[in-house]
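What follows is a set of notes on a single structure, which appears directly below.
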Amino acid sequence: QVQLVESGGGLVQAGGSLRLSCAASGRTFSSYAMGWFRQVPGKEREFVAVISWSGGRTNYADSVKGRFTISRDNAKNTAYLRMNSLKPEDTAVYYCAAATGPWSIVSMYDYWGQGTQVTVSS
């Protein structure tokens, strides 16, 4: 069982930066790939980024590639999403999730956090 808690969301101007954190409980954090997803009202939850259990493999949605960086610290049981050059279209609730592999599909994830709101003003 893994419990996830996101933090670091907020209001930022376009072009600004935020770093989201995802703190995990449980001894098995390092055995899970960690993903970030986002969702706006009326739309499906969409993949943003994922990192393998070791941190050696990452994957990004085309819409965030070159602007967002996913990382993890297994000693701290925490995953991160650094978001630079933010755009108004990045506005969403951001969720972290844990899966057995570095998937980009929502249904492949076993555990989810409660989400943190990111709002980018123009």
Side-chain angles (χ1 to χ4, degrees):
Q1 189 81 1
V2 177
Q3 292 184 325
L4 305 172
V5 179
E6 302 96 336
S7 61
L11 173 64
V12 64
Q13 288 188 331
S17 299
L18 283 175
R19 189 181 78 160
L20 305 183
S21 298
C22 175
S25 64
R27 297 176 295 174
T28 58
F29 172 78
S30 60
S31 65
Y32 285 92
M34 297 299 298
W36 285 95
F37 293 77
R38 65 188 182 187
Q39 189 170 22
V40 298
K43 292 190 176 182
E44 293 188 350
R45 194 166 297 187
E46 68 171 6
F47 168 74
V48 174
V50 63
I51 188 167
S52 62
W53 66 270
S54 68
R57 178 178 171 186
T58 59
N59 190 27
Y60 297 90
D62 288 343
S63 59
V64 307
K65 204 169 291 184
R67 300 188 297 121
F68 290 12
T69 303
I70 190 170
S71 61
R72 67 188 297 160
D73 185 337
N74 287 342
K76 295 182 177 180
N77 278 10
T78 303
Y80 304 96
L81 185 69
R82 177 69 180 182
M83 306 185 294
N84 295 330
S85 302
L86 283 161
K87 305 175 181 180
E89 51 264 43
D90 294 318
T91 295
V93 176
Y94 283 72
Y95 299 88
C96 69
T100 57
W103 320 118
S104 61
I105 302 171
V106 170
S107 61
M108 297 298 290
Y109 282 75
D110 301 307
Y111 304 103
W112 292 85
Q114 83 290 348
T116 185
Q117 176 71 46
V118 172
T119 303
V120 184
S121 63
S122 58

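Predicted, not measured: the structure shown is a model, and the values here were computed from it. Scope of the values below: all heavy atoms of this structure, side chains included, with no hydrogens, waters or symmetry mates.
Between Ser52 and Gly56 the shortest heavy-atom distance is OG-N, 3.3 Å. Heavy-atom minimum distance, Ala98 versus Leu4: N-CD1, 3.8 Å. The shortest non-hydrogen separation linking Arg82 to Ser17 is NH2-CB, 3.6 Å. Lys65 and Asp62 make their closest contact through NZ-OD1, 3.1 Å (heavy atoms, listed as atom of the first residue, atom of the second, distance). When all heavy atoms of Ala14 and Pro88 are compared, the closest pair comes out as CB-CD, 4.1 Å.
Counting non-hydrogen atoms of neighbouring residues, nucleotides and ligands closer than 6.0 angstrom, the CD atom of Gln3 reaches no more than 12 such neighbours. Around the NZ atom of Lys43, the shell of radius 6.0 Å holds no more than 12 heavy atoms that belong to other residues, nucleotides or ligands.
Val120 and Trp36 fall within the same hydrophobic cluster, defined by Ile, Leu, Val, Met, Phe, Trp and Tyr side-chain heavy atoms under 4.5 Å apart, directly or through other members. At a threshold of 4.5 Å between side-chain heavy atoms, the hydrophobic network of Ile, Leu, Val, Met, Phe, Trp and Tyr places Val2 and Val50 in two separate groups. Grouping the Ile, Leu, Val, Met, Phe, Trp and Tyr side chains by contacts below 4.5 angstrom, directly or via other members, places Met34 apart from Tyr80. Hydrophobic clustering of Ile, Leu, Val, Met, Phe, Trp and Tyr side chains at less than 4.5 Å, counting indirect connections, keeps Val93 apart from Ile70. A single hydrophobic cluster is seen to contain both Val64 and Leu20, as judged by linkage of ILVMFWY side chains at heavy-atom distances under 4.5 Å, directly or through other members.
Counted by atom type alone, Arg57 and Asn59 present zero donor-acceptor pairs between their side chains at under 3.5 Å.
Atom CG of Asp90 sits about 11.0 Å away from atom OG1 of Thr119, to the nearest 0.5 Å. Atom CZ of Arg72 and atom CG of Asn77 lie 9.0 Å apart (nearest 0.5 Å). Of the inter-residue distances, the one linking Thr116 atom OG1 with Leu18 atom CG reads 9.0 Å to the nearest 0.5 angstrom. Here the straight-line distance linking atom CD of Gln117 with atom CG of Leu11 works out to 9.5 Å at 0.5 Å rounding. Here CH2 of Trp53 is found 8.0 Å from CG of Asn74. Values are rounded to the nearest 0.5 Å.
Side-chain atoms of Tyr109 come within 3.5 Å of backbone atoms of Trp103 as a donor-acceptor pair (strictly under, hydrogens ignored). Remark: side-chain polar atoms of Gln39 are not paired, donor with acceptor, to backbone N or O of Ala92 under 3.5 angstrom.
In this structure, the side chains of Arg38 and Ser63 come closer than 4.5 Å at one or more pairs of heavy atoms. Between Phe37 and Phe47, the closest side-chain pair of non-hydrogen atoms falls below 4.5 Å. The closest side-chain heavy-atom distance from Arg67 to Met83 is not below 4.5 Å. Under the 4.5 Å side-chain criterion, counting only non-hydrogen atoms from C-beta, Val106 is not in contact with Tyr95.
Each disulfide bond (SG atoms under 2.5 Å apart) pair with one or both residues in residues 44-98, not counting sequence neighbours, appears once here: Cys22-Cys96. Sequence neighbours left out, not one pair with a member in residues 48-86 passes disulfide bond (SG atoms under 2.5 Å apart).
Not counting sequence neighbours, Glu89 has no partner by the side chain to side chain donor-acceptor pair (under 3.5 Å) test.
Phe68 and Tyr94 have tilted rings, their planes meeting at an angle from 30° to 60° on a 0 to 90° scale.
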